[in-house]
Novice: 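Structure provided below as structure tokens; questions to follow.
All values below come from the heavy atoms of this structure, side chains included, with hydrogens, waters and symmetry mates left out. Residues take their numbers from the sequence shown, with the count starting at 1.
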Amino acid sequence: MRRLLELVKGGIGTAVDFEGRYKALSSNRNQYLDAGREYSKLSLPYILPETDGTQSQGANQHGYQSIMARAVNHLSNKLTATMFPVNRSFFKLGFESNTEADLRAAGYEPTDLAELLVEAEKKAENLQDKYAARVAYVSAFKNLLISGNVCLYVPQKDFIQAISLSHYCCRRSMSGKLIELIIEERKNFSSMTPEIQEMLKKLKGPGVCKDDDPVTLYTWACQIDADTFGVTQSCLGVQIKPWQEIPTDDLPWIPLMWNHTHGEDYGRGLMEDNAGDAYVIEFLSEALAKGMVLMADIKYFLKPGSTIDIDEAIGSPTGQWLSGNIEDVGVLQLEKYADFKPIAEVLAEYKKGIGQAFLMNSAVRRDAERV
């Protein structure tokens, strides 16, 4: 990392290996990413798909239940609505006692001060709506519940983004404070500014990238001291943004964790806490679904030499008189409904446990006859 810190100070056009640094940090992240992808399969597969491509590969739900998807969606929206309510401020402003005393001495009335605070809160609420913050909040909570990790990107004049664990790596202190962050982005070469395109063509050769070719951008943020972070960006192994030092509180990237364990760089989600129930629900749902398919498979048999005309029987309307011996016809069906009833009962208990863990109303509501 010290080597990179020396190189980035060379400015735009300097050869830097952020890709190598990203791969080095990925070795520690991958165990959390693999676990998150397993939990994502059981709930919302699009959150952490098996492929790292930027475009969706179509439907990738290959399970036999959707209770985990409903649970994650429900709690994500519930948390967003609770922490960031609509048409109401999600925070409260106030003056410190000495500041309020100074303002009053300057001639401000208490009612004027209260109006100033309310106006500031309203501006913050309007700004949140302008940049579609709640959409990003819901996506962030989904990532947190499933993988336990997400990185919020809060630009000054653009929509807030929730970056999944598959697109960033980080290092933290023992207490969980951010030390280093690398974000991987894929975009078309033509979407970059003309100046950067010309610079890359000049340094790498005109035939390296065409307009529609995908390129990978790496954004690197590194702590310089307790109050300052350094930020820059590279593409094709070349630094394309100048080294910029900004206060820690102004860093636009916020890597969040659901549960933090001492000494770990990444968090763990609520899905991991309830993974046992989720796997049992998947297993029992598969057994029940396949069993119902077998029970629905009905075969009809006709005794050899019977005088019943099969085509006539099939094409006859309801209530039609037909000639023949009814004992010549047999039905083959898996009559095991009673054997599947215990499976359904056990499955219902596990679903109830998931509902309680994810605060679903169906699991916490009392039965009407007990009210």
Novice: Just checking, is any N or O donor in the side chain of K142 or Y46 under 3.5 Å from an acceptor N or O on the other one?
Specialist: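 Judged by distance alone, the side chains do pair up.
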Novice: Drop me the distance from L302's CG to D309's CG, to the nearest 0.5 angstrom.
Specialist: 9.5 Å
Novice: Please check if atom CD in Q31 has more than 12 non-hydrogen atoms from other residues, nucleotides or ligands closer than 6.0 Å.
Specialist: yes
Novice: So Y300 and I310, do their side chains get closer than 4.5 Å, heavy atoms only?
Specialist: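 No. Closest side-chain heavy atoms not under 4.5 Å.
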Novice: Under the salt bridge (Lys or Arg N to Asp or Glu O under 4.0 Å) criterion, do R186 and E184 qualify, and how do the steps go?
Specialist: CA-CA 7 Å; R186 293 184 178 91; E184 182 187 57; 3.8 Å; yes
Novice: Mind running side chain to side chain contact (heavy atoms under 4.5 Å, CB included) on L251 and L178 for me, showing each step along the way?
Specialist: CA-CA 11 Å; L251 194 68; L178 183 66; 3.9 Å; yes
Novice: Check whether R37 reaches the backbone of P49 with its side chain - one donor and one acceptor, N or O, closer than 3.5 Å.
Specialist: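 Yes.
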Novice: Under the salt bridge (Lys or Arg N to Asp or Glu O under 4.0 Å) criterion, do R3 and D17 qualify, and how do the steps go?
Specialist: CA-CA 10 Å; R3 175 62 176 166; D17 188 16; over 6 Å; no
Novice: Could you tell me whether a side-chain N or O of S191 sits under 3.5 Å from a main-chain N or O of N188, the two making a donor and an acceptor?
Specialist: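 Looks like yes, one N/O pair under 3.5 Å.
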Novice: So do M192 and V215 actually touch side chain to side chain, heavy atoms under 4.5 Å?
Specialist: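 They are in contact (side-chain heavy atoms under 4.5 Å apart), so the answer is yes.
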Novice: Just wondering, more than 12 heavy atoms not from E245 lying within 6.0 Å of its CD?
Specialist: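 Atom CD in E245 is packed in, count exceeds 12.
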Novice: Test Y39 against L48 for side chain to side chain contact (heavy atoms under 4.5 Å, CB included), laying out the working first.
Specialist: CA-CA 9 Å; Y39 304 142; L48 286 174; over 6 Å; no
Novice: Grab the two heavy atoms, one from Y168 and one from S164, that are nearest each other, plus how far apart they are.
Specialist: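 Reported closest heavy-atom pair: CD2-O, 3.2 Å.
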Novice: Kindly give the heavy-atom pair with the smallest separation between F141 and S76, and that separation in Å.
Specialist: C-OG, 3.7 Å
Novice: Looking only at heavy atoms, what is the nearest atom pair of M199 and I240, with distance?
Specialist: CE-CG2, 3.6 Å
Novice: Under 3.5 Å, side-chain donor or acceptor atoms of residues 97-111 against the rest of the protein: list the pairs with distances, not counting sequence neighbours.
Specialist:
from	atom 1	to	atom 2	distance (Å)
E100	OE2	R104	NH2	3.1

Novice: Give, for atom CG of L181 and atom CH2 of W253, the distance between the pair rounded to the nearest 0.5 Å.
Specialist: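 With rounding to 0.5 Å, CG (L181) is 7.5 Å from CH2 (W253).
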Novice: Side-chain polar contacts of residues 224-236 - donor-acceptor pairs under 3.5 angstrom, sequence neighbours left out - could you list them?
Specialist:
from	atom 1	to	atom 2	distance (Å)
D225	OD1	D227	N	2.9
D225	OD1	T228	N	2.9
D225	OD1	T228	OG1	3.1
T232	OG1	Q239	NE2	3.1
T232	OG1	K241	O	2.6
Q233	NE2	T219	OG1	2.9

Novice: Got a list of side-chain donor-acceptor pairs under 3.5 Å for residues 319-342, not counting sequence neighbours?
Specialist:
from	atom 1	to	atom 2	distance (Å)
N325	OD1	E327	N	3.1
D328	OD2	S306	OG	2.9
Q333	NE2	M295	O	3.4

Novice: Decide whether W220 and E180 meet the rule of one side-chain donor and one side-chain acceptor closer than 3.5 Å.
Specialist: yes
Novice: Determine whether the aromatic ring centres of residues Y266 and Y32 are separated by less than 6.0 angstrom.
Specialist: yes
Novice: Between E198 and K202, does at least one N-O distance fall below 4.0 Å, as a salt bridge requires?
Specialist: no
Novice: So which heavy atom on Y22 is nearest to which on S166, and how close?
Specialist: OH-O, 3.5 Å
Novice: Under the 3.5 angstrom rule, does the side chain of R70 hit a backbone N or O of G355 as a donor-acceptor pair?
Specialist: no
Novice: Is the number of heavy atoms from other residues, nucleotides or ligands within 6.0 Å of CG (L294) greater than 12?
Specialist: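 Buried by this count: over 12 neighbours within 6.0 Å.
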Novice: Please determine if E349 and K352 form a salt bridge, counting it only when a charged side-chain N lies under 4.0 Å from a carboxylate O.
Specialist: no
Novice: Could you tell me whether D273 and R268 make a salt bridge, using a distance below 4.0 angstrom between a side-chain N and a carboxylate O?
Specialist: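 A salt bridge is absent here (no side-chain N lies under 4.0 Å from a carboxylate O).
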Novice: Taking the side chain as C-beta and beyond, is there a heavy-atom pair between L288 and L284 under 4.5 Å?
Specialist: no
Novice: With sequence neighbours left out, write down each residue that passes side chain to side chain contact (heavy atoms under 4.5 Å, CB included) with H260, or none if nothing qualifies.
Specialist: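 Partners of H260 by the side chain to side chain contact (heavy atoms under 4.5 Å, CB included) criterion, ordered by chain and then number, come out as M257.
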Novice: Does CZ belonging to F283 count more than 12 external heavy atoms closer than 6.0 Å?
Specialist: no
Novice: Are L93 and M83 connected in a single hydrophobic cluster, I mean Ile/Leu/Val/Met/Phe/Trp/Tyr linked by side-chain heavy atoms less than 4.5 Å apart?
Specialist: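 Cluster IDs for M83 and L93 match.
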Novice: Does a salt bridge link R21 with E19, judged by any charged N lying under 4.0 Å from a carboxylate O?
Specialist: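 Answer for the salt bridge query: no.
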Novice: Taking only distance into account, with no hydrogens and no angle test, what donor-acceptor pairs under 3.5 Å do side-chain atoms of residues 143-151 form with protein atoms, sequence neighbours excluded?
Specialist:
from	atom 1	to	atom 2	distance (Å)
N143	ND2	S139	O	2.9
S147	OG	N143	O	2.9
S147	OG	N149	N	3.3
S147	OG	N149	O	3.1
N149	OD1	G267	N	2.6
N149	ND2	S147	O	3.1
N149	ND2	G267	O	3.0

Novice: Is it possible for you to say whether V138 and F358 belong to one hydrophobic cluster, with membership spreading through side-chain heavy-atom contacts below 4.5 Å?
Specialist: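 No; F358 is not reachable from V138 via cluster members.
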Novice: Which heavy-atom pair separates G94 from L117 by the least distance, and what is that distance?
Specialist: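 Closest heavy-atom pair between G94 and L117: CA-CD1, 3.9 Å.
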Novice: Are the side chains of F90 and E121 in contact, using a 4.5 Å heavy-atom criterion?
Specialist: no
Novice: If you take all heavy atoms of M271 and S43, which pair is closest and at what distance?
Specialist: CE-OG, 4.2 Å
Novice: Holding to salt bridge (Lys or Arg N to Asp or Glu O under 4.0 Å), I want the full list of residues that pass it with K122, two or more places apart in sequence or in another chain.
Specialist: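 Result, salt bridge (Lys or Arg N to Asp or Glu O under 4.0 Å) vs K122: none returned.
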Novice: So that I can tick it off, tell me whether K41 and E282 are bridged by a salt bridge, with the cut-off set at under 4.0 angstrom between side-chain N and carboxylate O.
Specialist: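 Looking at E282 and K41, the cut-off is not met.
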Novice: Is Y350 atom OH crowded by more than 12 heavy atoms from other residues, nucleotides or ligands, each under 6.0 Å away?
Specialist: no
